[in-house]
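None of these values were measured; they are calculated from a predicted model.
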Amino acid sequence: MPTRCCSPGATRSADYTRIRNESRDKIEAALRGGEADLVVAPTPDGDYYEGLGLATVFADLTTVEGTRKHLGTLFPTSTVYMRSERVKAHPETAQHLATAFVRALQWINSHTPEEIAAMVPPDFMGNDRGAYLKMLNEQIAMFRTDGRMPQDGAENEWRVLSEANPKYKSVRVADTYTNQFVETALGALRGKQ
């Protein structure tokens, strides 16, 4: 998410103007031309901009340690959002999704980064398998979980969402998330072992 800072010492989301999240070459041009002061980028892209001398790491949120250092806690960004009405009307869909995510996490946690990389399609991995493996080795600890959303994780997600979009400020977090489907998936998968 390329971001253009609008005022020195900006500390609130209103102090920033978001620009389009374009292709790598357009973001590179924005950095070169001074149109972007801060870019939120995945590791391969961040490494690319750093390698060109256009950027340095401001806050590394790709590791457990870095995330805790900069945010004070883990930040579960891989979250599935569904309207409560949809979940209530179609609990089987929510259960299938939760079970798939739990199974994926269990698979990741029982395989090495090399074994995982061997399963990743080349067009997703990119041209540099070594860079992909480096990133996977650095970030795999973020997936060392069973899929449950901690209460403070849900609160952090809500804070970020409500800062980005004030219509979410009135949301009661406890009414909007559940581990019920993950618990069911974990129980079912334990029963199959």
Side-chain angles (χ1 to χ4, degrees), residues 1 21 23-24 27 39-52 55-82 86-87 90-161 173 176-193:
M1 162 191 351
N21 192 1
S23 63
R24 185 190 276 188
I27 293 172
V39 174
V40 177
T43 299
D45 292 349
D47 289 345
Y48 173 76
Y49 305 133
E50 195 170 12
L52 293 174
T56 58
V57 175
F58 175 75
D60 183 359
L61 305 178
T62 63
T63 66
V64 170
E65 299 79 22
T67 303
R68 281 198 174 117
K69 175 182 175 186
H70 296 291
L71 300 179
T73 186
L74 291 181
F75 191 77
T77 59
S78 296
T79 303
V80 177
Y81 296 99
M82 293 176 72
R86 175 106 175 130
V87 172
H90 302 282
E92 71 286 351
T93 301
Q95 189 59 64
H96 287 305
L97 285 168
T99 300
F101 282 112
V102 167
R103 289 184 67 202
L105 287 169
Q106 288 180 342
W107 189 87
I108 289 169
N109 288 311
S110 63
H111 291 79
T112 66
E114 291 76 15
E115 291 169 324
I116 295 167
M119 301 300 289
V120 174
D123 59 329
F124 183 82
M125 184 183 304
N127 296 330
D128 190 343
R129 186 174 195 281
Y132 186 83
L133 270 172
K134 176 183 178 279
M135 179 268 310
L136 202 53
N137 275 296
E138 291 170 352
Q139 295 183 13
I140 199 144
M142 293 293 245
F143 296 94
R144 301 276 184 237
T145 175
D146 61 9
R148 290 181 184 103
M149 168 72 89
Q151 174 69 33
D152 66 339
E155 293 282 342
N156 288 335
E157 289 280 345
W158 168 77
R159 272 195 286 285
V160 169
L161 285 172
V173 176
T176 64
Y177 91 102
T178 181
N179 282 316
Q180 166 194 343
F181 298 102
V182 172
E183 296 289 353
T184 299
L186 288 167
L189 292 170
R190 263 191 301 270
K192 289 183 179 181
Q193 294 174 352

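With sequence neighbours left out, T99 forms a side chain to side chain contact (heavy atoms under 4.5 Å, CB included) with Q95, R103, A185. Partners of Y132 according to the side chain to side chain contact (heavy atoms under 4.5 Å, CB included) rule, which considers only residues two or more places apart in sequence or in another chain, are A117, V120, F124, M125, M135, L136. A154 meets the side chain to side chain contact (heavy atoms under 4.5 Å, CB included) test with M149, V173, Y177; sequence neighbours excluded.
Closest non-hydrogen pair, E115 versus H111, comes out as OE1-CA, 3.2 Å. P113 and I140 get closest at one heavy-atom pair: CG-CD1, 4.2 Å. When every heavy atom of A41 is checked against every heavy atom of G46, the shortest pair comes out as CB-N, 3.9 Å.
Inter-residue side-chain proximity for V182 and F101 is flagged as unmet; no heavy-atom pair is nearer than 4.5 Å. The closest side-chain heavy-atom distance from I116 to I108 is below 4.5 Å. At a threshold of 4.5 Å between non-hydrogen side-chain atoms, the residues I27 and Y49 count as touching.
From E65, atom CD reaches atom NE2 of H70 across 11.0 Å, with rounding to the nearest 0.5 Å. To the nearest 0.5 Å, atom OG1 of residue T145 and atom CG of residue N109 are 8.0 Å apart. Rounding to the nearest 0.5 angstrom, the gap separating the CG atom in N137 from the CD atom in E114 is 5.5 Å. Annotation: the span from R190 atom CZ to Q106 atom CD amounts to 9.0 Å, rounded to 0.5 Å. Rounding to the nearest 0.5 angstrom, the gap separating the CG atom in D47 from the CD atom in E138 is 7.0 Å. Residue R159 holds its CZ atom at 8.5 Å from CG of D152, rounded to the nearest 0.5 Å.
A donor-acceptor pair is defined here as one N or O able to donate and one able to accept, closer than 3.5 Å; such a pair exists between the side chain of D128 and the backbone of A131. H90 places no side-chain N or O within 3.5 Å of a backbone atom of R86 that could act as its donor or acceptor partner. Checking side-chain atoms of D146 against main-chain N and O of L186 turns up no donor-acceptor pair under 3.5 Å.
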(request) Report the C-alpha separation of E183 and T178 in whole Å, then their side-chain angles, then the decisive distance to 0.1 Å, and conclude whether the side-chain contact (heavy atoms from CB on, under 4.5 Å) test is met. (result) CA-CA 9 Å; E183 296 289 353; T178 181; over 6 Å; no
(request) Please assess F181 against V87 for the test side-chain contact (heavy atoms from CB on, under 4.5 Å), listing each intermediate value before the final yes or no. (result) CA-CA 10 Å; F181 298 102; V87 172; 3.7 Å; yes
(message) Is there a side-chain contact (heavy atoms from CB on, under 4.5 Å) between L105 and F143? Walk through the geometry before answering.
(response) CA-CA 7 Å; L105 287 169; F143 296 94; 4.1 Å; yes
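Counting non-hydrogen atoms of neighbouring residues, nucleotides and ligands closer than 6.0 angstrom, the OH atom of Y48 exceeds 12 such neighbours.
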